[in-house]
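In what follows, every chain begins at residue 1, and chains take the letters A, B, ... in the order their sequences are listed.
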Protein chains: 2
Amino acid sequence: MDRVDHWLSCIKEHGYRLTAPRRAVVDTLATSNHVLSPFEVFELARENYPRLGLVTVYRTLEKLEELGLIQRVHRPSDCQAFVTAFKGHQHLLICQNCGRVEFFSGDDGMEELMVKVGERSGYRIKDHWLQLFGVCWECGD
Amino acid sequence: MDRVDHWLSCIKEHGYRLTAPRRAVVDTLATSNHVLSPFEVFELARENYPRLGLVTVYRTLEKLEELGLIQRVHRPSDCQAFVTAFKGHQHLLICQNCGRVEFFSGDDGMEELMVKVGERSGYRIKDHWLQLFGVCWECGD
DNA sequence: CTCTTTGCAAAAGTTTTGCACGCTC
DNA sequence: GAGCGTGCAAAACTTTTGCAAAGAG
């Protein structure tokens, strides 16, 4: 699997060690296109590496986030779930049922809107979030 | 104060009782234009009603949210904070420093974007979040 | 061999629940 | 008065920290 290898290289390049627990977490997240909570990662990764501890999952997620390989996703119901991060600014489309995630780029007038709202409000705009929620083709309606 | 009265009426109309603890929480949230966590609400409301318990704050927030008077706000750092809710779909602009909130309406191509992304992805789009983060005029840069 | 990383146990937070008393209506 | 609401205490969760032992390089 390509992305798994990339993540493992990235971990190594940054001076962190390659260990079985880390491989298990990476395998789980890098091959999923669903939003996963720390506990879900723990459960899935344990199928391949039963000795895995939840604490290690937290610590590994922290590193993967720091390396920019995963990003945190906020949803109405929870805010501690993660997905693969994409380069550049990408907006998220999340399935409310199964957590499947698609990315789409902001080829909309987002920059323009930020400038406009900034002027009107007197705020210095730094960042923005755009997320769409829906039901994916597999979950039906 | 106008909004306070509105909220109190709303509570009463829905068959809930008007009590001192609820008044304290309502006073705090309805007169603030800042994002407040449950604990912050607790601390502020206790200045007026020291006997207030944190549990009651949670229970009151739950009711105010249910009545649509407040809405939950998600930020990179926390996801359990609340602000006054506005009617209609409003987007948020949040000060990263002090939590001050402004609303702006989506006079952008949001509906259009939702249709377009829906078609491309095969998702049935249900909802969207658009939030801008920045630094307000009072916090400088 | 050295020093990072791990998993357990326990701590630290945060949110929810159970229950007897108090207060609104 | 009847019954909703409150505050305390304790439970339930989630996330973080301390530490001895295991394992990568």
Pairs: protein N or O with nucleotides 11-13 of chain D N or O, under 3.5 Å:
none

Hey, could you give me the OG1/CG distance between B/Thr60 and B/Leu29, rounded to the nearest 0.5 Å?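 Spacing of OG1 (B/Thr60) from CG (B/Leu29) equals 10.0 Å.
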
Can you measure [X] atom [atom1] to [N] atom [atom2] for me and round it to whole angstrom units?
{"X": "B/Glu40", "N": "C/dG13", "atom1": "CD", "atom2": "C1'", "value": "15 Å"}
{"X": "A/Arg59", "N": "C/dT4", "atom1": "CZ", "atom2": "P", "value": "14 Å"}
{"X": "B/Leu8", "N": "C/dC25", "atom1": "CG", "atom2": "P", "value": "11 Å"}
{"X": "A/Lys63", "N": "D/dT16", "atom1": "NZ", "atom2": "P", "value": "13 Å"}
{"X": "B/Phe39", "N": "C/dT16", "atom1": "CZ", "atom2": "P", "value": "16 Å"}
{"X": "A/Leu36", "N": "D/dT14", "atom1": "CG", "atom2": "C1'", "value": "17 Å"}
{"X": "A/Glu62", "N": "D/dT14", "atom1": "CD", "atom2": "C1'", "value": "15 Å"}

Pull out every residue in residues 75-82 of chain A that has a heavy atom closer than 4.0 Å to any atom of DNA chain C, ordered by number, or say none.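 Those residues whose heavy atoms fall under 4.0 Å from DNA chain C, taken from residues 75-82 of chain A, amount to none.
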
Without swapping roles, check the side chain of B/Thr31 against the backbone of B/Asp27 for a donor-acceptor pair under 3.5 Å.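 Indeed, once roles are kept as given, a pair shorter than 3.5 Å links the two residues.
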
Say whether, by atom type as modelled, one donor and one acceptor occur between the side chain of B/Arg22 and the main chain of B/Arg17 under 3.5 angstrom.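 Indeed, once roles are kept as given, a pair shorter than 3.5 Å links the two residues.
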
Shared hydrophobic cluster, A/Phe82 / A/Val55 (ILVMFWY, side-chain heavy atoms < 4.5 Å):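 In one cluster: no.
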
Assign A/Tyr49 to base, sugar-phosphate, or nothing according to its heavy-atom contacts below 4.0 angstrom with the strands shown.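 If one applies the 4.0 Å heavy-atom cut-off, A/Tyr49 turns out to touch the sugar-phosphate alone, with no base involved.
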
Students often get this wrong, so: under 4.0 angstrom with heavy atoms, is B/Arg22 touching a base, only sugar-phosphate, or nothing?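 If one applies the 4.0 Å heavy-atom cut-off, B/Arg22 turns out to touch the sugar-phosphate alone, with no base involved.
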
According to the interplanar angle, ranging from 0 to 90°, do the rings of B/Tyr123 and A/Trp137 count as parallel (below 30°), tilted (30 to 60°) or perpendicular (above 60°)?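 Perpendicular.
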
Measure the shortest side-chain to side-chain distance between A/Val101 and A/Asn33 over non-hydrogen atoms and say whether it is less than 4.5 angstrom.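 A/Val101 vs A/Asn33: side chains apart.
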
Side chains of B/Thr56 and B/Val25, heavy atoms from C-beta outward: is any pair under 4.5 Å?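 Counting from C-beta outward, B/Thr56 and B/Val25 never come under 4.5 Å.
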
Audit row: B/His91, B/Leu132, side-chain contact (heavy atoms from CB on, under 4.5 Å) steps and yes/no: CA-CA 8 Å; B/His91 304 304; B/Leu132 302 188; over 6 Å; no

Which residue, A/Leu54 or B/Leu54, contacts DNA chain C at a nucleotide closer to its 5' end, judged by nearest heavy atom?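 First, find each residue's nearest nucleotide; the 5'-ward one identifies A/Leu54.
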
Is B/Arg51 atom CZ crowded by more than 12 heavy atoms from other residues, nucleotides or ligands, each under 6.0 Å away?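 At most 12 heavy atoms, drawn from other residues, nucleotides or ligands, come within 6.0 Å of this atom.
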
Indicate, with yes or no, if the rings of A/His74 and B/Trp129 have centres closer together than 6.0 Å.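 No, the ring centres sit 6.0 Å or more apart.
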
Using nucleotides 23-25 of chain D, report all nitrogen or oxygen pairs with the protein that are shorter than 3.5 Å.
| from | atom 1 | to | atom 2 | distance (Å) |
| --- | --- | --- | --- | --- |
| D/dG23 | N2 | A/Arg17 | NH1 | 2.9 |
| D/dA24 | O3' | A/Leu18 | O | 3.4 |
| D/dA24 | N3 | A/Arg17 | NH1 | 3.1 |
| D/dG25 | OP1 | A/Leu18 | N | 3.2 |

